Every structure is written in structure tokens, then in C-alpha cells.
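Working notes, beginning with the structure itself.
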Amino acid sequence: MIGGAMFDAVFAVPKQLTAVARRVLVSTFEAVEAVPKIAAALDDVRATLKHSERLATFAAGELPEIVYQLEEIKARLEKLETRTVSPGSPRSG
């Protein structure tokens with residue numbers, strides 16, 4: 001009986017090594033298959049960053065103009081308010 005257990009142990013080692021080698025190969029193939037997907041995702045990230053940079057540049061260039069236009073609108077509204085709420089107008093009380 002001891003001899004049979006010894007043979008089982010001797011044959012178990014190659015089976016375990018084969019299983020480990022198989023898992024390593026499968027993992028390696030899966031990693032290799034994932035590389036194009038990772039590369040595509042990185043390309044998407046780069047494109048998104050480039051687009052964000054263009055938007056930020058546009059916003060930075062347009063922001064002073066927008067502020068200027070808002071100040072002009074505010075000044076016009078203040079003039080209208082002054083005219084509508086002047087001492088002689090019916091709205092002033």
C-alpha cells in the first residue's frame with residue numbers, strides 16, 4: 001500500500017505543474033488579448049483630454065468678452081431702473 005501512495009504522489013506533482021503552467025498560459029493569453037483594448041481606452045482618454053484642453057482654451061479666450069458683455073447689460077439695466085424709479089415717476093410712490 002505504501003508503494004501505491006508513493007506512485008500517486010509522484011504522478012500528482014506533474015499534474016499540479018501542468019495545471020499551474022496551463023493557468024499561467026491562459027493568464028498570459030488573456031493579458032495579451034487585453035492590450036489592444038487598453039490601447040484603445042488610452043487613445044480615447046488622450047482624445048478626451050485634447051478636446052477638454054481646446055474647450056478650456058476657448059473658454060479662457062471668451063471669458064473676458066462675456067464679462068464685458070455682462071457689465072454692459074448691467075449698466076443698461078441700472079440706467080433703465082434709474083429712469084423707471086425716478087422721483088417724478090408714478091412707480092416711486
Side-chain angles (χ1 to χ4, degrees):
M1 286 288 185
I2 294 177
M6 194 162 122
F7 278 119
D8 288 342
V10 168
F11 289 121
V13 171
K15 286 181 185 178
Q16 290 173 350
L17 288 176
T18 303
V20 168
R22 183 177 177 279
R23 279 184 270 164
V24 167
L25 283 174
V26 168
S27 296
T28 302
F29 286 132
E30 287 174 353
V32 168
E33 288 175 353
V35 169
K37 293 176 186 175
I38 294 169
L42 286 175
D43 285 344
D44 289 346
V45 168
R46 284 189 197 111
T48 301
L49 288 174
K50 213 176 227 183
H51 186 67
S52 297
E53 184 179 348
R54 286 195 303 266
L55 284 173
T57 302
F58 173 78
E62 292 297 315
L63 191 58
E65 177 64 24
I66 291 169
V67 169
Y68 171 75
Q69 289 177 5
L70 287 174
E71 288 173 349
E72 287 290 316
I73 291 169
K74 180 183 174 191
R76 289 179 186 176
L77 288 173
E78 287 173 350
K79 285 180 186 177
L80 284 172
E81 184 180 33
T82 303
R83 280 191 251 163
T84 57
V85 188
S86 61
S89 73
R91 296 183 101 201
S92 62

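For reference, positions follow the sequence shown, starting with 1. Not measured: the values here are computed from a predicted model.
- Grouped with Leu42 in one hydrophobic cluster are Ile38, the linkage being side-chain heavy-atom contacts under 4.5 Å among Ile, Leu, Val, Met, Phe, Trp and Tyr residues.
- Ser27 contributes no side-chain N or O that, together with a main-chain N or O of Val24, makes up a donor-acceptor pair within less than 3.5 Å.
- The shortest distance between side-chain heavy atoms of Arg46 and Lys50 does not fall below 4.5 Å.
- With Lys74 as reference, Glu78 is the one residue of Glu71, Glu78, Arg76 to meet the side-chain contact (heavy atoms from CB on, under 4.5 Å) rule.
- Applying the 6.0 Å contact sphere to CD of Glu53 captures no more than 12 heavy atoms from other residues, nucleotides or ligands.
- With rounding to the nearest 0.5 Å, the separation of CD in Glu33 from OG1 in Thr28 is 11.0 Å.
- Every residue meeting the side chain to side chain contact (heavy atoms under 4.5 Å, CB included) condition with Tyr68, not counting sequence neighbours, appears here in chain and number order: Glu65, Glu72.
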